[in-house]
Asks: 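The following block contains the structure, expressed as structure tokens.
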Amino acid sequence: QQYTAAIEAASPSGREQVEAFRIQYLGTKGIVKSLMGSMKDIQPDQRKAAGQALNEFKKLAEAKLESLQDANESAGEDDQKFDLSLPGDFVGVGTRHPLSIVRGRIVSIFKKLGFAIAEGPDIEDDWHNFGAMNLPEDHPARDMQDTFYISQNPSWLLRTHTSSVQARVMESQKPPIRVICPGRVYRNETISARAHCFFHQVEGLYIAENVSFADLKQTLYFFVQEMFGKEVKVRFRPSYFPFTEPSAEMDISCLICEGKGCNVCKHTGWVEILGSGMVHPNVLENFGIDSNKYTGFAFGMGVERITQLKYRVNDLRLYSQNDIRFLQQFTGAV
Ligand code: PHE
């Protein structure tokens, strides 16, 4: 009776414990065998009943062992339960986001030219985003970039360009400086096919002795050819930025309509892809960089626009809607 209760209560799990159970009860030196050995000590008139009881007990032990072994097998411990020839389940692999793909290409092109990557905070103070960039308070050019201010503390804002990162680099490094600053920027604009309240930039900065506008042009020509191919036409237009003088915007021939006329190039055949110029002496002096000794160029481009031209994306909102039909078109692109 004692052993019967013990068997019923036993719950070994795993191959080893089940085997230990077998040895304990049904092994050659196990309990069943030793009880059988003690039959000879039982009074002859009680032997029949004892024999039957022992038989019941043995069956119980065997049944328990069998059920333990079954349970153990279905718990998957036994490899032979698996049919390795069955076809596997499909595990979908995601695609890289087009903006990540293009940012990666831009970065690797400038890396070839020796530019290092710099990053900085999305939430900035007025100085790094505007003041240091030669936009003092009340400068009308601040209106060019509709700014989101942090309501709890309006001296903080969401950076409107990654020039703020360039400011942080100039703050902490001495020339020669050669960095690109990829990152997300924010502007308070109504969301449409052509505008969004956030987008992504890659800005570049090169400061050393004798850096000229010719270096700027050559660098950007190289970038365009690597990015879009040798056939693409390029033009510079004079422009204005408070932090560069002289300033220029760069256009490339429209890759969407190839000159036939479309909404992206507004039927001009040209699309603006970046702003650039020679770093304004005030900006250099703001960081204690001697503007008589050093000169530099800077440029800034929107990743969305480059991606639009590269992949013919006709609506900025597609980038952030997570529509799988859009994203799947970039399968395999790296
Ligand atoms: N910071 C400018 C912008 O966001 C781009 C730019 C960078 C222009 C560097 C000139 C030089 O619009």
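The basis for the numbers below is simple: all heavy atoms, side chains too, and nothing from hydrogens, waters or symmetry mates. Whatever order the structure lists ligands and atoms in, that order sets their numbers, starting from 1.
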Asks: Which of the atoms in ligand 1, numbered in the order shown and given with their element, are less than 4.0 Å from a heavy-atom of Thr244?
Replies: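 Every atom of ligand 1 under 4.0 Å from some heavy atom of Thr244: 11 (C).
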Asks: Is it the side chain, the backbone, both or neither of Phe243 that has a heavy atom closer than 4.0 Å to ligand 1?
Replies: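 Looking at Phe243 and ligand 1, just side chain atoms fall under 4.0 Å.
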Asks: Looking only at heavy atoms, which two atoms of Ile117 and Pro182 are closest? And how far apart?
Replies: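 Here Ile117 and Pro182 meet closest at CG2-CD, 3.8 Å.
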Asks: Side chains of Asn210 and Thr295: is there a donor and an acceptor less than 3.5 Å apart?
Replies: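 Absent: no donor and acceptor within the cut-off.
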Asks: If the plane angle is over 60° it's perpendicular, under 30° parallel, otherwise tilted; pick one for Phe198 and His196.
Replies: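 Tilted: the ring planes of Phe198 and His196 meet at 30° to 60°.
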Asks: My understanding is that we take every heavy atom of each candidate and find the minimum distance to atom 12 (O) of ligand 1. Doing that for His280, Glu203, Arg187, which one comes out nearest?
Replies: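 Going through His280, Glu203, Arg187 one by one, Arg187 has the nearest heavy atom to atom 12 (O) of ligand 1.
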Asks: Record the part of Ser247 in heavy-atom contact with ligand 1 below 4.0 Å; permitted values are side chain, backbone, both and neither.
Replies: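 Neither part.
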Asks: In this structure, does ligand 1 have an atom that sits under 4.0 Å from one of the heavy atoms of Met133?
Replies: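 Outside the 4.0 Å threshold, so no.
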Asks: Taking the side chain from Glu249 and the backbone from Arg237, do they hold a donor-acceptor pair closer than 3.5 Å?
Replies: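 Flag not set: sc Glu249 to bb Arg237 has no pair under 3.5 Å.
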Asks: List every atom of ligand 1 that sits less than 4.0 Å from any heavy atom of Phe241, numbering the atoms from 1 in the order shown and giving each element.
Replies: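 Counting atoms of ligand 1 from 1, those under 4.0 Å from Phe241 are 8 (C), 10 (C).
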Asks: Show the atoms of ligand 1 that are less than 4.0 angstrom away from any heavy atom in Gln201.
Replies: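 Contacts of ligand 1 toward Gln201, numbered from 1: 3 (C), 4 (O).
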Asks: Under a 4.0 angstrom heavy-atom cut-off, which atoms of ligand 1 come close to Phe299?
Replies: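 Near Phe299, the atoms of ligand 1 are 7 (C), 9 (C), 11 (C).
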Asks: May I ask you to identify, for Arg159, whether its side chain, its backbone, both or neither come under 4.0 Å of ligand 1 on a heavy-atom basis?
Replies: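 Neither; nothing of Arg159 gets under 4.0 Å from ligand 1.
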Asks: Checking Arg187 side chain against Ala195 main chain: does a donor-acceptor pair fall under 3.5 Å?
Replies: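 Not at all, since once roles are kept as given, no pair shorter than 3.5 Å links the two residues.
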Asks: What part of Ser163, side chain, backbone, both or neither, has a heavy atom within less than 4.0 angstrom of ligand 1?
Replies: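 The answer is the side chain.
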Asks: For ligand 1, find out whether one of its N or O atoms is nearer than 3.5 Å to an N or O atom of Ser276.
Replies: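 No, there is no polar N/O contact under 3.5 Å.
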Asks: Would you say that more than 12 heavy atoms from the other residues, nucleotides or ligands in this model lie under 6.0 Å from the CD of Glu209, or not?
Replies: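 More than 12 within 6.0 Å, yes.
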Asks: Nearest 0.5 angstrom please: Ser291 OG to Asn286 CG, how far?
Replies: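 Answer for the OG-CG pair, Ser291 versus Asn286, is 10.5 Å.
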Asks: Parallel, tilted or perpendicular: which fits the ring planes of Tyr3 and Tyr25, with parallel below 30° and perpendicular above 60°?
Replies: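 Perpendicular.
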Asks: Less than 4.0 Å is my threshold; does some heavy atom of Phe297 fall inside it relative to ligand 1?
Replies: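 Phe297: no contact with ligand 1 (<4.0 Å).
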